[in-house]
There are 2 protein chains.
Amino acid sequence: MPPASNREAILDAYERLLVEDGERAATVEAVARAAGVSKGGLLYHFASKDELADAAIERLHRVAAECAEQAATLPEGAIEVFLRDAVKTGDPLDVSLGAVHALHQSGRYPQAKPALDAVVHGWVAQLTDALGDPALARLVAVLGDGLYFGAAFNGGAGGVATPPASEQELDELIAAVQQLAALRGAKA
Amino acid sequence: MPPASNREAILDAYERLLVEDGERAATVEAVARAAGVSKGGLLYHFASKDELADAAIERLHRVAAECAEQAATLPEGAIEVFLRDAVKTGDPLDVSLGAVHALHQSGRYPQAKPALDAVVHGWVAQLTDALGDPALARLVAVLGDGLYFGAAFNGGAGGVATPPASEQELDELIAAVQQLAALRGAKA
DNA sequence: GTCTATACATGGATAGAC
DNA sequence: GTCTATCCATGTATAGAC
């Protein structure tokens, strides 16, 4: 389906609502309105709300796979790249991830968890590979989670955690981890 | 209201449902059933669903304040204590926190965010105080968030993040951070 | 492919008996 | 204090016209 007409637009609107206002706000009607179509129009493309969720999850897999390919080509400064990406917000992967995360949080979409696990697992594997120090890789991965939940959704219906790290705070954080990496003789 | 009869039981059930099955599953009927009363019975104690949420938030404030007092008396090994608490699950503070967090995630309770912020702010302040190194304190706090979201709710409708750190992985993580703390000459 | 109208289920909240 | 019955709003999904 190359043209995709309104289908992609509907999916975009669905993701946006999920991330910004939570799963409960992403009703069929609200999504339709946000996408500029009617309920009936939406339900032509997605026969049920579950199909919308499935499509969002499928998109996450696709986007994550693309990003993983690109990331594989620049293993320099893995720590910094990973931690900065964790707070970066707005790019397709982040939106897709946030959307599926909202689905998971709602407790109504068991399919969401495995998808998220797969994405995260890929990251940890990549980090372990780049750093050559499993414990350090895990530390960085957990830190990334903390940053993500703390910053990614702030303002929307998302995480809480520590207040969004300012540029400077983030720099200090990265510096501290790199200090540790050097001490342990990690690769990056 | 010292006896509190069913009131506390209802609030307990509400928190449990919020943490384990998400906000959407915590309907008045479901909460009533879980607490062993009827809808009408519940609505005698809490005139509306919003009052239930308010009560949960109020409880969080109370429980957090109690824990903060206790924690202030043992500033030894702040890093280890904090990180181990982040993955500890089931104690009153954790349940209360998870419940309010679920409320926040749903996007329907603006009162939840300030409450969570207050709690987290208290932790960061305590850590900064104990370590005497603001950047390190933030690192530990963010790490705690990562652990919390990764582990606290797993199995329920909660976070995702990295798979629940095993005992050994957690030990390694703590060791790594302490290594860094020693390097930077932090107090704990 | 998209719309309107409508059927049906669920959840929140009220009224009034016990 | 607790229950049952009922009302009303909202959300999903179907039917059929255009």
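Order of the sequence lines fixes the chain letters, A, B, ..., with proteins taken first and strands second; residue numbering starts at 1 for each chain.
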Visitor: Hey, which of these two, A/Gly40 or A/Glu23, hits DNA chain D nearer its 5' end, going by closest nucleotide?
Guide: A/Glu23

Visitor: In whole angstrom, what separates B/Lys39's NZ from D/dT6's P?
Guide: 13 Å

Visitor: Could you state the CG-C1' distance from A/Leu43 to C/dA7, rounded to the nearest angstrom?
Guide: 14 Å

Visitor: What nucleotide among D/dC3, C/dG12, D/dT2 has an atom nearest to a side-chain atom of B/His45?
Guide: D/dT2

Visitor: Between the side chains of B/Glu66 and B/Gln70, does any donor sit under 3.5 Å from an acceptor?
Guide: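 No, no side-chain donor-acceptor pair sits under 3.5 Å.
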
Visitor: Are the side chain of B/Glu23 and the backbone of B/Gln105 linked by a donor-acceptor contact shorter than 3.5 Å?
Guide: no

Visitor: Angle class for the B/Phe82/B/Trp123 ring planes (parallel below 30°, perpendicular above 60°, tilted otherwise)?
Guide: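 The rings of B/Phe82 and B/Trp123 stand perpendicular, inter-plane angle above 60°.
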
Visitor: To the nearest angstrom, how far is A/Phe46 atom CZ from D/dT12 atom P?
Guide: 15 Å

Visitor: Using OP1 and OP2 only, check whether a side-chain N or O of B/Tyr44 sits under 4.0 Å from D/dT2.
Guide: no

Visitor: Would you mind telling me which of A/Ile79, A/Asp85, A/Leu83 makes a side-chain contact (heavy atoms from CB on, under 4.5 Å) with A/Val81?
Guide: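 Going through A/Ile79, A/Asp85, A/Leu83 one by one, the side-chain contact (heavy atoms from CB on, under 4.5 Å) with A/Val81 is satisfied by A/Asp85 alone.
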
Visitor: Mapping B/Thr27 and A/Gly36 to their closest nucleotides on DNA chain C, which lands nearer the 5' end?
Guide: A/Gly36

Visitor: Rounded to whole Å, how long is the line connecting atom CG of B/Leu42 with atom P of C/dG11?
Guide: 14 Å

Visitor: If I take atom CD in residue A/Glu29 and atom P in nucleotide D/dA9, what distance separates them, rounded to the nearest angstrom?
Guide: 15 Å

Visitor: Could you check how far CZ of A/Arg24 sits from P of D/dA9, rounded to whole Å?
Guide: 17 Å

Visitor: Please confirm whether any donor atom in the side chain of B/Lys49 sits under 3.5 Å from an acceptor in the base of C/dG11, or the reverse.
Guide: no

Visitor: Just the rounded figure in Å: distance from P of D/dT2 to CD1 of B/Ile10.
Guide: 7 Å

Visitor: Does a side-chain N or O from A/Asn6 land closer than 4.0 Å to OP1 or OP2 of C/dT2, or not?
Guide: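 Yes, because at least one side-chain N or O of A/Asn6 sits under 4.0 Å from OP1 or OP2 of C/dT2.
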
Visitor: Report the distance from atom CD of A/Glu8 to atom P of C/dG1, rounded to the nearest whole Å.
Guide: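 Taking CD of A/Glu8 and P of C/dG1, I get 14 Å after rounding.
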
Visitor: From A/Leu170 CG over to B/Arg138 CZ, what is the distance, rounded to the nearest 0.5 angstrom?
Guide: 10.0 Å

